[in-house]
There are 2 protein chains.
Amino acid sequence: MARVSADVRRDLLVEAAIRVMVRDGVARTTTRAIVAEADMALGAFHYCFRSKAELLESVIEEIQAHTVDLALAAFEEGGTLEDRLLRGIRIYWQHVLENPDEHRVTYELGQFALRNPELADVARKQYELYIASITQIMETLSAATGLGWTEPLPVLARYLISVIDGLTLIYLNEGDAESTLAALELAARHVAGLAA
Amino acid sequence: MARVSADVRRDLLVEAAIRVMVRDGVARTTTRAIVAEADMALGAFHYCFRSKAELLESVIEEIQAHTVDLALAAFEEGGTLEDRLLRGIRIYWQHVLENPDEHRVTYELGQFALRNPELADVARKQYELYIASITQIMETLSAATGLGWTEPLPVLARYLISVIDGLTLIYLNEGDAESTLAALELAARHVAGLAA
DNA sequence: GTCTATAGGAAGATAGAC
DNA sequence: GTCTATCTTCCTATAGAC
């Protein structure tokens with residue numbers, strides 16, 4: 001590859017890594033597979049990143065930003081609180097149906113990071129960010145509709161994330177899209193009923 | 001090690017593998033680490049199991065049986081439907097608090113298995129078994145209290161599993177035991193309210 | 001059945017010519 | 001900055017003596 005700044009190569013490698021992860025799984029995403037996907041020489045890897053862990057940190061941050069942006073966008077627009085909640089859930093669900101492997105990577109990366117001392121902090125921050133984002137969404141929803149929540153927000157936020165996470169995981173493992181979506185909507189209506 | 005039948009060695013290796021997984025994670029559970037934990041020679045591995053995948057299959061089945069037994073036991077004994085549901089949830093939660101790494105292994109194994117062609121079937125069956133077990137528990141609960149469910153059982157079963165799975169995952173990643181248990185009880189009471 | 005020794009390969013990381 | 005060649009380590013699996 002002709003002369004390209006190391007900064008640009010960093011981005012190219014992060015994107016290539018994500019493609020490999022989505023296609024082959026995190027465990028098979030080796031430095032060799034990444035540089036092959038990015039069409040670079042193996043040696044290029046280590047003057048762009050000090051180590052593989054450093055690349056993974058960038059990958060996690062990239063996916064994080066992408067996910068949070070998607071989530072915030074999904075709950076935009078008006079309607080009753082229940083409408084907005086249901087609409088957000090359906091947009092999310094559509095994304096899962098269309099990109100199941102992308103979501104699988106999220107879980108794999110989380111677990112991989114937690115087992116790696118160099119990445120454990122990043123993994124914990126990932127979840128904290130998700131919780132903060134959902135909390136923010138729920139605050140926006142209640143403010144926009146003038147309602148309050150009958151349960152503490154930290155509890156509601158964890159409840160909603162867990163349902164979304166858990167149902168996604170079930171769907172990825174078992175594949176019954178219909179029952180899973182029905183369960184998701186059941187939970188969304190439950191949460192909507194907790195606003196008063 | 002003195003002369004021991006290959007069958008006994010199989011069991012010893014499965015148990016050793018589980019200990020290593022709980023301690024070090026699935027990714028670091030190599031054949032070498034397993035035989036070391038079981039205090040056997042490396043060569044012993046391959047006249048007990050044809051391959052590492054064959055051992056992993058046994059590990060998954062062992063953990064499966066153990067988990068289902070625990071779940072069924074947790075929902076025994078009498079009381080109202082809500083009492084029994086809450087009691088079962090709390091017994092489960094106690095187990096998570098006391099054995100977090102054991103639960104982490106469940107998720108890791110599931111994902112590892114799904115990415116491995118030789119184990120993908122086993123992984124799918126694992127989830128089907130969990131769904132069937134929860135379905136059975138919910139049928140027992142409604143029969144014992146003379147109530148029916150206002151939502152289809154396949155939906156309720158997936159909902160309950162997802163909340164349990166999702167909240168466990170959040171707790172393992174983030175560690176707020178209090179909010180997580182509160183969210184778990186919120187879901188349990190919601191489910192109890194769906195019986196009529 | 002049981003062990004030691006080793007094959008055969010893939011991983012992350014580096015050295016050093018250009 | 002860029003590449004090829006290579007170091008070192010660790011993996012699964014097997015061969016073959018006892």
Side-chain angles (χ1 to χ4, degrees), chain A residues 1-14 16-21 23-60 108-109 111-113 115-120 122, chain B residues 1-21 23-60 108-109 112-113 115-120 122:
Chain A
M1 185 180 281
R3 242 162 214 257
V4 177
S5 84
D7 270 358
V8 172
R9 284 183 116 101
R10 272 180 65 98
D11 289 347
L12 292 173
L13 284 170
V14 167
I18 292 175
R19 285 197 301 277
V20 175
M21 286 177 186
R23 193 181 60 227
D24 302 330
V26 171
R28 277 190 263 272
T29 304
T30 62
T31 53
R32 287 175 157 78
I34 296 167
V35 295
E37 174 74 25
D39 209 22
M40 293 183 201
L42 178 54
F45 193 95
H46 283 91
Y47 65 79
C48 294
F49 296 97
R50 230 184 308 276
S51 68
K52 196 186 170 187
E54 196 179 286
L55 167 113
L56 288 177
E57 200 175 321
S58 296
V59 166
I60 291 172
E108 287 183 352
L109 261 183
Q111 294 186 355
F112 184 91
R115 289 288 193 185
N116 187 325
E118 292 182 78
L119 295 172
V122 186
Chain B
M1 187 181 282
R3 237 154 220 262
V4 178
S5 85
D7 271 358
V8 172
R9 285 184 116 98
R10 273 179 63 99
D11 290 346
L12 292 174
L13 284 170
V14 167
E15 284 161 26
I18 293 175
R19 285 197 301 277
V20 176
M21 285 176 185
R23 193 181 59 228
D24 302 331
V26 172
R28 278 190 261 275
T29 303
T30 63
T31 53
R32 284 174 152 82
I34 296 167
V35 295
E37 174 74 24
D39 208 22
M40 292 183 201
L42 179 56
F45 193 95
H46 283 92
Y47 65 80
C48 294
F49 297 97
R50 230 185 308 275
S51 67
K52 195 186 169 186
E54 196 179 287
L55 166 114
L56 287 177
E57 199 174 323
S58 296
V59 166
I60 291 172
E108 287 183 351
L109 261 183
F112 183 93
R115 290 287 193 183
N116 187 325
E118 290 182 79
L119 294 172
V122 185

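Computed from heavy atoms alone, side chains included, the values below leave out hydrogens, waters and symmetry copies. In what follows, every chain begins at residue 1, and chains take the letters A, B, ... in the order their sequences are listed.
Here the C1' atom of nucleotide C:dG1 and the CG atom of B:L13 are 14 Å apart, to the nearest Å. For B:R3 and C:dT2, the CZ to P distance is 6 Å, given to the nearest whole Å. With rounding to whole Å, B:Y47 atom OH is found 11 Å from C:dT4 atom P. Per the geometry, CZ belonging to B:F112 stands 13 Å off P belonging to D:dC11, to the nearest Å.
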Protein-nucleotides 11-13 of chain C N/O pairs under 3.5 Å:
| unit_1 | atom_1 | unit_2 | atom_2 | d |
| --- | --- | --- | --- | --- |
| C:dG12 | OP1 | A:K52 | NZ | 2.8 |
| C:dG12 | OP2 | A:T31 | N | 2.9 |
| C:dG12 | OP2 | A:T31 | OG1 | 2.7 |
| C:dG12 | N7 | A:R32 | NH1 | 2.8 |
| C:dG12 | O6 | A:R32 | NH2 | 3.3 |
| C:dA13 | OP2 | A:H46 | NE2 | 3.1 |
| C:dA13 | OP2 | A:K52 | N | 3.0 |
| C:dA13 | O5' | A:H46 | NE2 | 3.4 |

At a cut-off of 3.5 Å, list every protein nitrogen or oxygen paired with a nitrogen or oxygen from nucleotides 15-18 of chain D, distance to 0.1 Å.
none

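Distances shown here put a side-chain N or O of B:R9 below 4.0 Å from the OP1 or OP2 atom of C:dC3.
With sequence neighbours left out, the side chain to side chain contact (heavy atoms under 4.5 Å, CB included) criterion links A:I60 to A:Q64, A:L109, A:A113, A:V122, A:Q126. Scored by the ring-ring contact (aromatic ring centres under 6.0 Å, His included) test, A:F49 finds A:F45 as partners (sequence neighbours excluded). For A:E54, the salt bridge (charged side-chain N to carboxylate O under 4.0 Å, His left out) partners are A:R10, A:R50, not counting sequence neighbours.
Interatomic distance, B:L12 CG to B:M40 CE, rounded to the nearest 0.5 Å: 4.5 Å. A:E57 CD to A:N116 CG: the interatomic distance, rounded to the nearest 0.5 Å, is 10.0 Å.
Between the side chain of A:E108 and the backbone N or O of A:V26 there is at least one donor-acceptor pair closer than 3.5 Å. Judged purely by atom type and a 3.5 angstrom limit, B:R115 has no side-chain atom pairing as donor or acceptor with the backbone of A:R28.
Residue pairs meeting the salt bridge (charged side-chain N to carboxylate O under 4.0 Å, His left out) criterion with at least one member in residues 30-46 of chain A, sequence neighbours excluded, are A:R19-A:E37, A:R23-A:E37.
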